[in-house]
Amino acid sequence: MMSTPTSVRFSSGISGADYPIVVGLNLEKDLVEAVAHAGAGRRVAVISDDVVRQKWGESVVSALAGAGLAVELFTFPHGEKNKNQATVSALQDELLKKRYGRDTLIIALGGGVVGDVAGYVAATYLRGVPYIQV
């Protein structure tokens, strides 16, 4: 199924804090463009839960890797009970172990708990790194 993406701009009222929201199907190309816009040369850490990983993880990683981006998928067990500091610490420890630095871009692949956990990791990892919610 093909769809034409719809894009709207969210205005927070804070200078420089505006961002686009893109809605549609089959948005791999749009994601690659968003990552390129967030900064060339960044290492990409895709964070997801085990359920979303099974459905979408490999296709998202393949799309990004196919565009020449250095990308890796990090997962944690699904569920509200895993929205905690232990999960955040485990993800940050993995990023540090694999030497992800300030050049990191974090993509949250999934909503709800995934968005909360990945967003918090992005905001606190090495004093904050760019973040994209998918």
Side-chain angles (χ1 to χ4, degrees):
M1 176 184 250
M2 299 289 283
S3 82
T4 302
T6 300
S7 183
V8 295
R9 188 135 201 101
F10 174 78
S11 179
S12 66
I14 300 170
S15 178
D18 298 352
Y19 55 87
I21 299 171
V22 180
V23 179
L25 300 172
N26 303 315
L27 296 175
E28 289 89 350
K29 179 182 169 198
D30 298 88
L31 177 58
V32 169
E33 290 173 8
V35 171
H37 180 71
R42 290 194 179 274
R43 290 178 69 192
V44 179
V46 177
I47 297 178
S48 192
D49 68 25
D50 53 352
V51 172
V52 176
R53 176 194 178 127
Q54 285 183 327
K55 186 158 180 120
W56 301 109
E58 297 309 318
S59 66
V60 168
V61 168
S62 292
L64 294 169
L69 298 165
V71 59
E72 191 168 357
L73 183 59
F74 298 83
T75 59
F76 61 93
H78 70 281
E80 188 74 26
K81 68 181 183 241
N82 293 304
K83 186 168 69 172
N84 57 48
Q85 189 59 46
T87 299
V88 169
S89 294
L91 289 165
Q92 290 177 330
D93 289 348
E94 277 297 305
L95 291 168
L96 286 168
K97 185 170 100 178
K98 295 185 178 205
R99 299 187 177 271
Y100 278 76
R102 299 270 312 138
D103 63 339
T104 301
L105 168 71
I106 291 180
I107 296 176
L109 180 59
V113 172
V114 171
D116 292 346
V117 168
Y120 188 76
V121 169
T124 59
Y125 188 69
L126 301 176
R127 295 177 312 208
V129 296
Y131 169 77
I132 295 174
Q133 172 73 48
V134 177

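No experiment lies behind these values; they were computed from the predicted model shown.
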Note to self: Is it the case that atom CZ in Arg127 sees more than 12 heavy atoms from other parts of the structure closer than 6.0 Å?
What the structure shows: no
Checklist line | Distance, nearest 0.5 Å, that separates CG of Leu105 from CZ of Arg43 | finding: 12.0 Å
Next item on the list: Kindly give the heavy-atom pair with the smallest separation between Val71 and Val61, and that separation in Å.
Entry: CG1-O, 3.7 Å
Margin query: Can you confirm whether Gln54 is buried at CD, in the sense that more than 12 heavy atoms of other residues, nucleotides or ligands lie under 6.0 Å from that atom?
Written below: no
Next item on the list: Verify the cluster assignment for Val52 and Leu31: are they in a single hydrophobic cluster under the rule of side-chain heavy atoms below 4.5 Å apart?
Entry: yes
Margin query: Minimum heavy-atom separation for Val114 and Leu109, please, with both atom names.
Written below: CG1-O, 3.4 Å
Notebook entry, point to check: How far apart are the closest heavy atoms of Ala45 and Thr104, and which atoms are they?
Noted result: CB-CG2, 4.3 Å
Item checked: Test item: Tyr125 side-chain N/O and Tyr100 main-chain N/O as donor-acceptor pair under 3.5 Å -> yes
Note to self: I need the minimum non-hydrogen distance between Gly115 and Gln133, along with the two atoms involved.
What the structure shows: CA-OE1, 3.2 Å
Next item on the list: Indicate yes or no for a side-chain donor-acceptor contact from Asp50 to the backbone of His78 under 3.5 Å, with no hydrogens or angles considered.
Entry: yes
Check: Between the side chains of Ser89 and Gln85, is a donor N or O closer than 3.5 angstrom to an acceptor N or O?
Finding: yes
Note to self: If you compare all heavy atoms of Gly79 against all heavy atoms of Val113, which two are closest, and at what distance to 0.1 Å?
What the structure shows: O-CG1, 3.8 Å
Notebook entry, point to check: For the residue pair Arg102 and Gly128, what are the closest heavy atoms and their distance?
Noted result: NH1-O, 2.5 Å
